[in-house]
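Below, chains carry the letters A, B, ... as their sequence lines are ordered, and counting in each starts from 1. Remember, it's a predicted structure, so these values are computed and weren't measured experimentally.
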Amino acid sequence: MVDSLVKQQKIEITNVSHSYSLDDHDLPVLEEIDLTIEPNEFVVILGPSGCGKSTLLRMVAGLERPEQGSIKANGEEIIAADPSRIVVFQDPTLFPWLTVRQNVELGFKIQKKKDDKAISDMLEMIGLAGFDNAYPSQLSGGMAQRVALARALVNDPSVLILDEPLGKLDSLTRITMQKELVNLWRNKQFTGLMVTHDIEEALLLATRIIVMRQRPAHIIGEFKLDMDYPRHRDSEELLKIRREIFGLLGHKSDW
Amino acid sequence: MKQIVKNAYWPQIVGAVAWLATAGLTYFIPNADDFPRTTTFAVVCLGIAILSAISLPLNKVRYYGAWILALALFIGIWEVVQAKLLLLPRPFFGAPQELLDVFITDWAKLLNSLAHSMMLLVGGYLLGCIIGFVIGVGMGWSKLFGYWAHPVLRFLGPLPPVAFLPLLFAVIPSSFVAGELLMAFAASFPVAVLTWSGIAGVNPSYYDVAKTMGAKPLFLIRHVAIPAALPFVFVGMFMALGSCFYMLVVAEMLGVKAGLGFYMQWAQGWAAYPNMYAALLIMAVMCTSFMTLLFKVRNRLLRWQKESIKW
């Protein structure tokens with residue numbers, strides 16, 4: 001499988017710091033981040049809201065450059081966005097003027113490819129066959145986010161970057177989508193890099209959890225999870241890790 | 001809105017009878033003064049009465065049954081007040097048959113005027129929309145373009161286009177071209193401002209989504225910025241059409257020697273007021289038709305929008 005070997009990407013984040021200028025002072029958001037992501041891992045970055053996690057993701061995607069440090073994919077500096085690393089945002093950000101099918105086709109249109117079957121298969125896989133001609137305004141939140149996932153995955157990215165993709169869904173839809181994400185990840189063989197502030201979600205999905213502290217974001221803990229999927233949220237091992245994470249985030253007595 | 005209740009029959013039946021009555025009183029009651037085409041007008045009313053009667057089974061027509069009745073009453077009362085009793089002074093107020101007479105005797109000139117007005121309007125409006133759109137996209141997209149265009153737009157845009165009228169008619173030998181330019185100027189300002197604000201207000205995440213899939217700037221403008229801004233562009237085009245109607249009449253009354261505005265001016269000069277009413281009527285039909293067309297195009301292009309008003 002030469003193809004899938006070429007597809008693999010090892011992401012190396014070395015000594016990355018970044019700040020935003022706010023009025024007259026600089027607001028540091030990332031501080032000396034070091035993180036290496038191996039191909040086919042599912043890394044979940046966990047931390048409080050607004051701690052700069054999303055900024056880090058945007059940098060890995062090539063949408064922003066860090067002020068300091070370097071981010072490399074297979075040893076090459078990431079200087080621009082590339083379809084091999086696709087982002088799914090917290091909002092589905094579907095284009096409201098395109099139908100579901102046209103939205104999923106977006107990447108192909110940009111890359112001037114035509115593959116109707118791939119689109120149909122993708123829609124089938126994500127459970128949206130028959131919704132081809134619906135407009136985003138006619139979809140529920142869960143369906144819209146599914147379309148956003150399909151739109152990303154149809155490009156067969158080697159790294160799928162997920163910025164709190166389930167953050168705005170109701171809890172039941174969320175549980176379903178977490179299962180689906182795991183299945184997609186196992187079927188499509190991409191590297192997952194996800195940000196969330198939901199500990200349970202991290203525990204259910206990740207092969208590795210990176211815990212970050214509040215602004216400026218800095219890595220304060222790392223957990224490897226080698227349990228099989230599907231995982232049960234009340235398994236003894238998960239609860240143990242969960243307790244430790246709560247402790248790290250300063251809620252030792254609250255859990 | 002879909003009509004669920006079955007349209008009642010009685011308004012249209014009464015309407016047909018009312019048209020018949022109007023035909024009768026037109027024909028049988030003697031005129032108070034010398035009015036042309038009285039018999040023809042009675043025949044037209046009779047024709048409308050018959051049409052109303054035979055279209056009774058049609059659901060779509062029956063929906064407007066009350067309107068058929070109301071119009072019959074309006075025309076009937078007008079006929080009595082003016083042609084039979086002459087309560088209003090001539091020539092400022094015409095009788096229905098006088099209006100009919102204008103259409104029958106002067107249709108060629110009216111049609112010619114309509115064609116001229118439409119040419120002036122369509123050319124100027126479309127030119128203005130294109131110019132405004134390009135300026136708006138440029139301002140929304142490029143900082144450099146905005147640096148130069150913004151002050152010019154702010155300085156000249158709010159100026160009423162009519163203010164240019166004396167200058168343009170003096171400088172440009174062809175009054176048609178001058179009118180066209182005025183119209184283009186009137187249309188371009190609202191389209192430019194609305195397009196600009198539409199492009200500036202595009203959700204930046206849309207660009208991110210497209211960029212992460214490899215989109216280049218040209219794709220971002222054509223397939224992200226412009227479609228996202230399109231609802232605003234249409235608001236601008238709607239406003240532009242309104243000011244073009246306005247400019248059209250002013251230009252034709254003050255300089256352009258053709259068109260409905262000119263016809264009205266000419267009719268006033270000859271105290272041919274029924275001719276003016278006829279031109280007004282045609283102008284109203286023309287304006288509403290263009291508006292309808294614009295909304296049709298809009299609803300087609302923006303069919304993805306959940307909420308849209310029906311024109």
Side-chain angles (χ1 to χ4, degrees), chain A residues 54-55 57-64 78-100 102-113 133-139 147-157 159-163 165 193, chain B residues 2 133 136-137 140-141 143 191 194-238 294-310:
Chain A
S54 300
T55 309
L57 291 198
R58 291 177 62 82
M59 287 169 179
V60 174
L63 293 169
E64 259 178 74
I78 296 175
I79 49 166
D82 187 277
S84 66
R85 297 179 299 270
I86 291 193
V87 191
V88 175
F89 296 94
Q90 183 172 19
D91 291 308
T93 56
L94 300 176
F95 292 179
W97 57 90
L98 298 180
T99 61
V100 165
Q102 290 167 332
N103 264 291
V104 176
E105 229 170 3
L106 182 69
F108 287 4
K109 192 174 168 188
I110 291 170
Q111 292 144 41
K112 299 194 168 70
K113 277 199 291 188
N133 296 321
Y135 283 99
S137 61
Q138 299 167 299
L139 303 179
V147 177
L149 267 173
R151 178 176 65 180
L153 287 176
V154 81
N155 298 285
D156 222 0
V159 185
L160 186 67
I161 300 169
L162 301 147
D163 188 359
L193 174 59
Chain B
K2 213 172 166 184
F133 182 75
V137 171
W141 195 261
K143 281 224 166 69
V191 174
L194 268 296
T195 305
W196 170 38
S197 88
I199 301 249
V202 176
N203 181 352
S205 311
Y206 289 162
Y207 298 130
D208 285 345
V209 165
K211 270 195 240 164
T212 137
M213 292 177 186
K216 301 277 175 294
L218 192 66
F219 186 95
L220 294 181
I221 296 182
R222 278 188 55 200
H223 297 285
V224 183
I226 290 176
L230 216 50
F232 284 85
V233 176
F234 272 104
V235 176
M237 285 175 71
F238 168 75
L294 179 66
F295 270 82
K296 280 239 182 322
V297 173
R298 188 201 98 105
N299 290 347
R300 169 106 194 100
L301 287 176
L302 301 184
R303 61 187 177 282
W304 49 273
Q305 275 193 323
K306 238 198 300 192
E307 65 295 316
S308 65
I309 56 155
K310 289 267 174 291

Checklist entry - If you draw a 6.0 Å radius around NZ in B/Lys296, do more than 12 non-hydrogen atoms from other residues or ligands fall strictly inside? => result no
Item to check | Heavy-atom proximity to chain B below 4.5 Å, by part of A/Arg58 | outcome: side chain
Next on the checklist: With rounding to the nearest 0.5 angstrom, report the OG1 to OH distance, A/Thr93 to B/Tyr207.
Outcome noted: 13.5 Å
Checklist entry - Which bit of A/Ile86 is near chain B, if near means a heavy-atom gap under 4.5 Å: side chain, backbone, both or neither? => result both
Checklist entry - Rounded to the nearest 0.5 Å, how far apart are OG1 of A/Thr99 and CZ of B/Arg303? => result 9.0 Å
Checklist entry - Just wondering, do B/Met213 and A/Lys109 contact through their side chains at under 4.5 Å, heavy atoms? => result no
Next on the checklist: Please classify the contact of A/Leu94 with chain B as side chain, backbone, both or neither, using a heavy-atom distance under 4.5 Å.
Outcome noted: backbone
Checklist entry - With a 4.5 angstrom heavy-atom cut-off, which part of A/Asp82 approaches chain B: side chain, backbone, both or neither? => result backbone
Checklist outcome for this item: When rounded to the nearest 0.5 Å, the distance separating CG of A/Leu106 from OG1 of B/Thr212 is 9.5 Å
Next on the checklist: Within the supplied structure, the quantity of interest is the number of heavy atoms (other residues, nucleotides, ligands) at a distance under 6.0 Å from B/Phe234 CZ; does it exceed 12?
Outcome noted: yes
Item to check | Top contributor to chain B contacts, counting heavy-atom pairs under 4.5 Å, from A/Ala148, A/Ala81, A/Pro96, A/Gly62 | outcome: A/Pro96
Checklist entry - Side chain, backbone, both or neither: which part of B/Phe219 has an atom under 4.5 Å from a heavy atom of chain A? => result side chain
Item to check | side-chain contact (heavy atoms from CB on, under 4.5 Å) assessment of B/His223 paired with A/Phe95 | outcome: CA-CA 10 Å; B/His223 297 285; A/Phe95 292 179; over 6 Å; no
Checklist entry - Do B/Asp208 and A/Phe89 come within less than 4.5 Å of each other through their side chains, counting heavy atoms only? => result yes
